[in-house]
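One structure is given below, encoded as structure tokens.
Below, chain A is the first sequence line, B the second, and so on; all start at residue 1. It should be emphasised that the depicted structure is a prediction, and the values quoted were computed from it without experimental measurement. Hydrogens, waters and symmetry mates are skipped; everything else that's a heavy atom, side chains included, is used.
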Amino acid sequence: MAWLQVKDAATAAPGTKATIKGWVRTRRDSKAGLSFIALHDGTCFDAFQIVAPADLPNYESEVQRLTSGCAVEAEGEIVASQGKGQSVELKATALRVVGWVDDPDTYPISQKRHTFEYLRDVAHLRARTNTFGAVARVRHALAMGVHRFFHERGFYWVHTPIVTASDCEGAGQMFRVSTLDALNPARTPEGGVDFTQDFFGREAHLTVSGQLNVETYCCALSRVYTFGPTFRAENSNTSRHLAEFWMIEPEIAFANLADNADLAEAMLKHLFRMLLEERADDMAFFNDRIDNTVIQTLEHLVETPFERMTYTDAVALLQKSGETFEFPVEWGLDLQSEHERCLTEKLVKKPVVLMNYPKDIKAFYMRMNEDGKTVAAMDVLAPRIGEIIGGSQREERLDMLDKRIDEMKLPKENYWWYRDLRRYGTVPHAGFGLGFERLIQFATGMQNIRDVIPFPRTPGSAEF
RNA sequence: UCCCCGAUAGCUCAAUCGGUAGAGCGAGCGGCUGUUAACCGCUAGGUUGUAGGUUCGAGUCCUACUCGGGGAGCCA
């Protein structure tokens with residue numbers, strides 16, 4: 001007998017003989033001589049109704065003892081449903097219990113609503129809930145969408161290293177990777193830790209960005225991207241930060257900042273259009289139970305051109321908005337969360353691409369503009385979650401790059417291979433970084449980033 | 001890391017002026033019903049986050065710590 005997944009069973013023709021396998025969500029008994037079992041197998045949002053008649057040989061001994069979480073295989077025939085809520089159901093001729101819940105009273109995912117905070121403590125079982133099943137499917141759909149988008153446009157996926165020996169971006173705290181004895185490490189004559197004795201012969205860390213590495217492949221394969229785990233040892237305790245997260249970083253050669261912004265906009269539109277189509281079931285749930293504006297927001301984003309604005313214009317717009325802010329708005333200062341939210345949620349009411357920031361608040365590798373005051377940086381700001389994309393055109397002129405490295409007092413020798421790119425066939429290029437979990441947050445309306453990754457790693461928390 | 005708030009039954013919460021612990025859901029048992037957030041009845045379930053302190057007496061007041069939430073910083 002054919003094994004039908006729930007997503008296919010839901011549209012199967014009455015009369016089809018099938019086996020359905022999954023986990024029990026609920027069981028309801030009827031004295032009319034049957035039990036209704038809602039079975040889910042993760043292949044779609046809805047569970048599938050199994051009707052188990054009382055004449056099954058194990059009806060009293062097993063069927064009536066089924067509880068949430070039990071794994072079962074039901075064999076029978078797809079029939080038109082007599083009840084409301086589903087068009088077809090499986091009338092079981094046999095039902096086998098594959099795995100019992102040994103003590104229903106202790107099963108953490110009981111048949112009631114749970115808070116997300118509670119479910120984080122049972123992350124090994126939370127994927128069985130409506131919400132986390134939906135998040136997992138959306139996460140997958142977006143990941144596949146990213147690869148499809150780039151593949152169709154001739155980009156190559158480059159696997160940049162997880163372990164790195166250079167603190168290239170200077171982007172915050174890094175996790176050290178070491179095999180030295182932490183209690184009694186090898187020492188230099190001066191008493192410091194002797195990293196030449198360490199595994200890599202030097203101090204090594206987990207990557208905070210694949211950008212500098214991927215630039216090398218960009219300057220050979222023209223269009224590339226990274227998509228992998230990224231690590232920040234920042235002591236960030238917010239609903240938007242993880243110590244381990246996934247980042248997407250495209251890099252395009254023979255391209256400037258405008259090309260970069262076009263790419264970012266095209267990518268986001270592609271992803272959300274695809275998501276609304278492919279995961280309509282899960283998106284309907286998010287819109288219904290999590291945030292009743294998500295679908296409208298995504299549709300609007302897909303249809304509307306992003307606003308483009310220079311940093312200078314944004315500062316002016318905020319200053320004359322009449323809004324009162326806790327932090328000052330002044331040219332040369334970085335925009336605060338409240339300013340970004342005001343721009344996207346009140347003044348413009350859609351994603352905004354801010355471009356050309358003052359050089360002093362941006363990284364060394366960003367290309368200096370003609371004015372000598374700003375660099376070709378861009379941030380894509382989204383309503384509610386703020387910065388979703390950060391990127392720039394890279395400084396391709398060696399003399400300008402060196403000047404910036406010196407100004408920021410960075411150790412030039414560490415960037416020898418990055419500088420080589422500017423010596424051997426340099427070319428204008430640009431790229432950006434997209435936080436994958438923030439993308440999922442935006443797409444689903446989920447408030448806390450810890451609920452859009454299977455096993456979140458945050459300060460003081462690495463269970464599971 | 002900083003500011004604010006919170007922690008009581010398996011889960012979500014209540015408990016008046018400091019006076020000795022309560023509900024809903026879940027679970028177990030029974031009833032009813034082509035049910036679908038099912039419904040009705042009964043039962044079990046507690047070292048009130050941890051460690052101190054004040055008091056005749058602390059879930060309640062004080063201190064420290066741990067964990068969680070909201071906001072901020074850092075950023076994606």
>> Ring centroids only, cut at 6.0 angstrom: are A/His147 and A/Phe227 within range, meaning strictly under it?
In response: yes
Less than 3.5 Å apart, which donor and acceptor atoms pair up between the side chains of residues 8-19 of chain A and the rest of the protein, not counting sequence neighbours?
from	atom 1	to	atom 2	distance (Å)
A/Thr11	OG1	A/Asp8	O	3.3
A/Thr16	OG1	A/Ala13	O	2.5

> Do A/Met366 and A/Tyr357 come close enough that some side-chain heavy atom pair is under 4.5 Å?
Replying inline: no
> Which pairs with one or both residues in residues 68-116 of chain A pass ring-ring contact (aromatic ring centres under 6.0 Å, His included), sequence neighbours excluded?
Replying inline: A/His114-A/Tyr118, A/Phe116-A/Phe132
> Do any pairs count as a salt bridge (Lys or Arg N to Asp or Glu O under 4.0 Å) and have a residue in residues 279-293 of chain A, sequence neighbours left out, and if so which ones?
Replying inline: A/Arg137-A/Asp282, A/Arg279-A/Asp281, A/Arg279-A/Asp282, A/Asp291-A/Arg384
> What does A/Gln49 touch in the nucleic acid at a heavy-atom separation under 4.0 angstrom: a base, only the sugar-phosphate, or nothing?
Replying inline: base
> Would you say B/A27 has OP1 or OP2 under 4.0 Å from some side-chain N or O of A/Ser110?
Replying inline: no
> Does the base of B/U33 carry an N or O that pairs as donor and acceptor with the side chain of A/Asp29 under 3.5 Å?
Replying inline: no
Report all side-chain donor-acceptor pairs from residues 63-78 of chain A shorter than 3.5 Å, counting only partners two or more places apart or in another chain.
from	atom 1	to	atom 2	distance (Å)
A/Arg65	NH1	A/Ser61	O	2.8
A/Ser68	OG	A/Arg25	O	2.7
A/Glu73	OE2	A/Arg96	NH2	3.3

> For atom C1', what is the distance between B/A23 and B/U8, given to the nearest Å?
Replying inline: 13 Å
> In chain order, what residues pass the side-chain contact (heavy atoms from CB on, under 4.5 Å) check against A/Asp103, with sequence neighbours excluded?
Replying inline: A/Asp105, A/Thr106
> Which part of the nucleic acid, if any, lies within contact of A/Thr106, taking any heavy atom under 4.0 Å across all strands shown: a base, the sugar-phosphate backbone alone, or nothing?
Replying inline: nothing
> Salt bridge between A/Arg139 and A/Glu437, side-chain N to carboxylate O under 4.0 Å?
Replying inline: yes
>> Show me the pairs that pass salt bridge (Lys or Arg N to Asp or Glu O under 4.0 Å) and involve residues 255-266 of chain A, at least two apart or across chains.
In response: A/Asp262-A/Arg308, A/Glu265-A/Lys269, A/Glu265-A/Arg308
> With sequence neighbours left out, which residue pairs that include part of residues 121-135 of chain A fulfil the salt bridge (Lys or Arg N to Asp or Glu O under 4.0 Å) condition?
Replying inline: A/Arg126-A/Asp451
>> Can you check the distance between B/G6 and B/U60, where both ends of the measurement are the C1' atom (answer in whole Å)?
In response: 15 Å
> Does A/Arg25 place a side-chain N or O at less than 4.0 Å from the phosphate oxygens OP1/OP2 of B/U36?
Replying inline: no
>> Distance check, P atoms only: B/C3 and B/C65, in whole angstrom units.
In response: 11 Å
> Of all of residues 117-130 of chain A, which get a heavy atom below 4.0 angstrom from RNA chain B, listed by number?
Replying inline: A/Glu117, A/Tyr118, A/Arg120
>> With a cut-off of less than 4.0 Å, is there a side-chain N or O of A/Asn448 near OP1 or OP2 of B/G68?
In response: no
> Can you find a pair of side-chain heavy atoms, one from A/Phe436 and one from A/Ile453, that are under 4.5 Å apart?
Replying inline: no
>> Can you see if the side chain of A/Thr115 gets near the phosphate of B/U12 - specifically, an N or O under 4.0 Å from OP1 or OP2?
In response: yes
>> Please list, in numerical order, the residues of residues 85-92 of chain A that have a heavy atom closer than 4.0 Å to any atom of RNA chain B.
In response: A/Gln86, A/Glu89
> Expressed in angstrom and rounded to an integer, what is the separation of A/Lys84 atom NZ from B/A37 atom P?
Replying inline: 12 Å
List the atom pairs, with distances to 0.1 Å, where a side-chain N or O of residues 348-355 of chain A and a protein N or O form a donor-acceptor pair under 3.5 Å, not counting sequence neighbours.
from	atom 1	to	atom 2	distance (Å)
A/Lys350	NZ	A/Pro305	O	3.1

> Can a salt bridge be assigned to the pair A/Lys31 and A/Asp29 using a cut-off of 4.0 Å between side-chain N and carboxylate O?
Replying inline: no
> What dot-bracket string describes RNA chain B from 5' to 3', counting Watson-Crick and G-U wobble pairs whose defining distances are under 3.5 Å, with [ ] for crossing pairs and | for pairs to another strand?
Replying inline: (((((((..((((.....[..)))).(((((.......))))).....(((((..]....))))))))))))....
>> If the cut-off is 4.0 Å, is A/Ser337 near the phosphate of B/G73, judged by side-chain N/O to OP1 or OP2?
In response: yes
>> Give the residues of residues 67-83 of chain A touching RNA chain B, defined as any heavy atom closer than 4.0 Å, sorted by residue number.
In response: A/Thr67, A/Ser81, A/Gln82, A/Gly83
